Structure formats: structure tokens, C-alpha cells
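Values below: all heavy atoms of this structure, side chains included; hydrogens, waters and symmetry mates excluded. Numbered from 1 within each chain, the chains take letters A, B, ... in sequence-line order. Small disclaimer: the values here were computed from a predicted structure and weren't measured.
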Number of protein chains: 2
Amino acid sequence: MDLKTLSYFVTVAEELNISHAAKKLNMSQPPLSYQIKSLEQELNTTLFVRGKRSLQMTESGQLLYRRAKEILDLSSKAEEEILSMAQGMKGTISLGLVEGTAPHIAGEWFTGFYRMYPNVRFRIMDGNSDDLVEKLRSGLISMAVITSPCDHMLLNSFPVGNEPMVAFMNSEHPLSATEGNSVSIKQLVGEPLIVPSRRALIEDIYRWFRSIKSEPNIICEMDNYLDAAALAGRGMGISIFPQTSYISNTSLVSKQIDGGTRRLEYLFVWQKGRPLPSLEEHFIDFVRDCTAQHSLI
Amino acid sequence: MDLKTLSYFVTVAEELNISHAAKKLNMSQPPLSYQIKSLEQELNTTLFVRGKRSLQMTESGQLLYRRAKEILDLSSKAEEEILSMAQGMKGTISLGLVEGTAPHIAGEWFTGFYRMYPNVRFRIMDGNSDDLVEKLRSGLISMAVITSPCDHMLLNSFPVGNEPMVAFMNSEHPLSATEGNSVSIKQLVGEPLIVPSRRALIEDIYRWFRSIKSEPNIICEMDNYLDAAALAGRGMGISIFPQTSYISNTSLVSKQIDGGTRRLEYLFVWQKGRPLPSLEEHFIDFVRDCTAQHSLI
DNA sequence: GCTTACCATATAATTTATATATGATTTGGA
DNA sequence: TCCAAATCATATATAAATTATATGGTAAGC
């Protein structure tokens, strides 16, 4: 008993004429006769009484007709459901990632989500947070991971992780010899600082210094992590960047700031009030779940 | 998408391992791989993510799994239903028919019921009504058509038809020359009567005569219609039998009694309080329906 | 009484399903 | 680190099922 045979049966039951049913099914008459007969054999019953020139359904036939319609209905609905779901699960997720977040934060999002939705494709752009917010607004990307703080009223957001800010300095700099793996803000007072060229982050750094009634001596704002590290390595100053942006270089020493309490928060953001394709909605939910599970551990 | 493929899919979904699933399904692994893949192609989606050594269901896969189980469930239930119904519709109906009823009353029951239940077989016995009641009691038959009246408290019954009683007489008998096709009871007073040898019927005849303050002159009780007709044909008397038992014979004339108001009622009877196989129940319902439809016409 | 409509059967061709053999890749353990 | 076991995919061959063509029989309609 398979779906094809059942639909043959249903057609015959509705036409009560094998030849007409065969025409309707785009097949010739003998195979249809054969299929009906073998269905009867399989069910060990008589479905139709063949009277000379007319077919008539038996009691069993009538029961099977009702059931067959239910089954066929259910399965065609299921098929539609799957097809439309497959449709909704195909597409591209365009995501902006602020420099440095890809491997340690977003890495598992892609592999995990890809497992559930293998027909998804990702288009990932990087840039600094201000760039990414601009790209979001212009619709070039539909979601992004940026660094906190985020004061945009037009964005939804939730935190997806954080990491300590570190001070990179030349290995001959006096601070590189301090005990432990940390320096305090107090120790950085007066030091020439190289910082990421991002307004929100720079404001953060100002806050740190203000909390000890001081102010930072920022001599350079830079976009590029590598260049900033290079400058610090050459002794131009101390560069303050997130830990993951570290560069292995013997002339370079990194120290956490205030024992790791000065941290950079990463936020997952997307535009408020603009409906997203369901695939991207799913992705956002997935990322939220991932983050929740992580914070449990 | 057919049921076989769906059950393959369900097995794989439960094992999450094609090789194991194939073993469970008593088939080899490659065709199973092939079937799953072609199912994915048909639905234009990915059902499983093949990771190195493990399978994982996608979102679409999970949806299809739920639906497939519903569909398979429904169809196996339907199959059982049909099979058990086919079982209940196979069997023999043993029926007693009082002489003369077969063609004009019961004929269409058989052809009509056989159309609905082609696996049914009939075993038909005839005899006079008393014999049939005895056969019912002994279980030799499970239902019968007998002539009214029926005073058995142990039988269920409903009427299935009636027919006029007729008087057969030799064509030279004076009554055969009466106007019309009827004689009255009054005219039969004193005539030697040949009647069926059935107590209940004879009592009926006595009632007819009592109603005109007379009594019948019964000279012979006979079992056999043909013999009775033969005796009447030879001028031995007037034989009173149901109309259908007429015999074409030039020396024989038949007249209805009291304009066809003296009638023989046929009853369908079966034993009270003894459960019958569902097939026979259905037959009784069918006969009841036939009768109801006829009385409407 | 001939033609048409219709179902059944027989046989052939095609398509589909399954098995065997094999390759590639990965995991787990010696 | 390398070997063995496990596992999925592919290729090819075989078996099974499905379908079409051709044909016959039977009953209904003109």
C-alpha cells in the first residue's frame, strides 16, 4: 500500500470507471486494472464489484476511500509544509563583524546554524563598529556584532560576550616589568596612548580615567589593530585594544587593565521595526540561544 | 514521496545512522543512502547533515519526521481496519426460505447484498414454515423467511411482503366462471378445500370462515404446492395457496379470495437474544432497508 | 446485428529498486 | 602515529516492479 496506489484507487473510486480514471491519470487502462487488483490482493478483500459495464464500490471500498483521502490529504499537506519550509530556509544571512570577533565569538554560530539549515549561505563583512552601524542603516547588512556601548535608539541588541582590554607595550617599557599580568589605570596616567578610532570606545577610556580623577593622554587613534600594535612595539606608546587582537611579537608585551575588569562588551545588533526574513529571525534566535547556553556554563 | 520511502526516512531519523537503519530494514546500506538522497531531491531540501561519522537532522528533517510518523500511523491503522473489515465480511449466510418466496421477495436481497459484500456465500434451505422454525432453533440456519402468523416468543421478526391467497380450481368448476378474478369466502362455503399443511395458516383460514359465521370444509392438508394444484386440477376440490405458487396448466383456474384482501404475510425471522456474526447482522439490516424502500414505492 | 464501450489478460519494454563491490574519510585505540 | 573499524558515497550490475501495446470477451445502445 503506497501513496501512488492509493491515489489510483481514489481516482477509480471517484470515476467508477477504470478507463476514464486511467485517462485522468495519464496512463493506459491495463496497468490501472492491475494496480487495483493487486491492492485488493494485498488487502485480501474486494474493493469494487465489476458489473459488466459499471463498477460499484463495496463496503470495504467505501471505507478505504475515506481513509485514503485522509492519508493523501495529510501527505500532500506535509509535502507542502516541507517545501515551503525548505524555501524559507534557503537564503543568505549578511552579517557584519567588528574586527577580531569572528573566531572566538561568532565561530560556532556559523557551524551550528549551518547544521540546522544547510542551505543557508553567509556573507560576512568586517569593519569598525561605526562602519557596521552605517551598513546596517543602509541595508547592506541585516545584523552585526559591534562593540559596546551602543546608544542607537534604532537598534535592537543583546550582549554576546566580552573580553578584557589589554595594554600593548614595548618589552623595554618600564610597565612591562610589573608583577602579574595586569596594570592599573593609575599606572597608565601620563603614558602616550594609541587607541581604536571609535568614538564610543574612546569615551569609555575617558570614563576609566575620570573615575580616578585623571584623563588619558591619547596621542593616536587608529583603525587597524596591527598597525597600532606595531607602533606600540616600536615604543611610540601604549596601545589599548581588546585581548583577542594580540599579535605574537617578542618585542611586544600585553597586560590586562585593572586585573581584567576593564572589558569590552560585544553586542549583537539589528534594526528595530524592520521585519526580517524568517531565516534571519531564526539566526538571531539561534545566536541568542547559543549565548544563553554559554553564560550558563 | 511514498510510504516506503517515508518509513525508510523514519528509521534513519531514529537511528541517525544509515548503516544501522539499513540493517534494521533488512537491506543494504547503499540503496538506503540513495533513497534518502532522492527524497531530499524530491523535497528540494536537506534532511540530514552528513557529518563525517554522524548524521544530524535539519529543521526540515525534524518537521518531516513528525509528519511522516503521522502519515505512517494513519495508513497502518487504515490497513488494519480494512483487513479486519474484510475478515468480518467474509462468511456464509444460511437462510431458510419458505416455499415460493425465493424469486419475487428474496431475489434482490442476494444480488444487492452480494454487490456490497462480494465475499459472502449463501446457503439457502427451503421447507415449510414449521420446519424452518425448527431449523432456526437447532442452529442449522440463522434466519428465515416464513409465513405469518408467527407466535414464537423466541423470534425477532419483521414483515417483508405479502401476497394474495388464491383458490385453484378445475376449469370446469362452477366458480371458475364467476365474473372478475376473485371469489368470496362466502362462495367457498361447503367447497372441499385443499390447504397447506401448516397449523398457523390453517388457523388463518378458520378465522376467515368464522368471520362470516361459517367454517371451512378442509378435506386435505398438503405440504407440496404442485401436488395440491394437481389435485385441484383433477377436480378433487379447491386448493388455497399463495398466488406465486401458481402453475401454468390449462385445466387450472386461479381466483383471488375476497378481492385480494385475504393475504399471506411473509416474515423475516431470527432467534432472539443470540448474537449473530456481524456479517449476518449486516444482512438483516440490508433486508430491512430493502423492505422499507419497497414499501415507500 | 453491428458497433461501441469497457474490463481482463498476455507479453514486451521501461523504469525503479536493490545488491555487490569499492573508495574515501574519520575515529579510536595500540 | 599508524592501523583497524566504521561509515557514507559512488559505480555498476541484477532483480523487481511498473507501464504500455496488442488483443479478446462481453454487454449495452443504435
May I ask you to say what [X] touches in the nucleic acid, namely base, sugar-phosphate or nothing, with a heavy-atom cut-off under 4.0 Å?
| X | result |
| --- | --- |
| Tyr8(B) | sugar-phosphate |
| Ser28(B) | base |
| Leu55(B) | sugar-phosphate |
| Gln29(A) | base |

Side-chain heavy-atom pair Met1(B), Leu39(B) within 4.5 angstrom cut-off = yes
What integer distance in Å separates [X]:[atom1] from [N]:[atom2]?
| X | N | atom1 | atom2 | answer |
| --- | --- | --- | --- | --- |
| Ile36(A) | dT18(D) | CD1 | C1' | 14 Å |
| Glu15(B) | dA6(D) | CD | P | 16 Å |
| Leu39(B) | dT16(C) | CG | C1' | 15 Å |
| Tyr34(A) | dC6(C) | OH | P | 24 Å |
| Glu42(B) | dA17(C) | CD | P | 10 Å |
| Lys23(B) | dA19(C) | NZ | C1' | 15 Å |
| Arg50(B) | dT10(D) | CZ | P | 9 Å |
| Met27(A) | dA20(D) | CE | P | 6 Å |

Given [options], the nucleotide with the shortest approach to the side chain of [X]:
| X | options | result |
| --- | --- | --- |
| Ser19(B) | dT18(D), dT7(D), dA17(C) | dT7(D) |
| Pro31(A) | dA19(C), dC8(D), dA20(D) | dA20(D) |
| Lys4(A) | dC8(D), dA11(D), dT19(D) | dT19(D) |
| His20(B) | dT18(D), dA9(D), dT7(D) | dT7(D) |

Residue pair Thr45(A) / Ser60(A), side-chain donor-acceptor N/O under 3.5 Å | yes
Do we see a donor-acceptor contact under 3.5 Å between the side chains of Ser84(B) and Glu80(B)?
-> no
Please work out which of the three classes, parallel, tilted or perpendicular, describes the rings of Phe283(A) and Phe110(A), given edges at 30° and 60°.
-> parallel
Classify the ring geometry between Phe9(A) and Phe48(A) as parallel (under 30°), tilted (30 to 60°) or perpendicular (over 60°).
-> tilted
Just to confirm, is there a sub-4.0 Å distance from OP1 or OP2 of [N] to any side-chain nitrogen or oxygen of [X]?
| X | N | value |
| --- | --- | --- |
| Asn17(B) | dC8(D) | yes |
| Lys37(A) | dT9(C) | yes |
| Ser33(B) | dT10(D) | no |

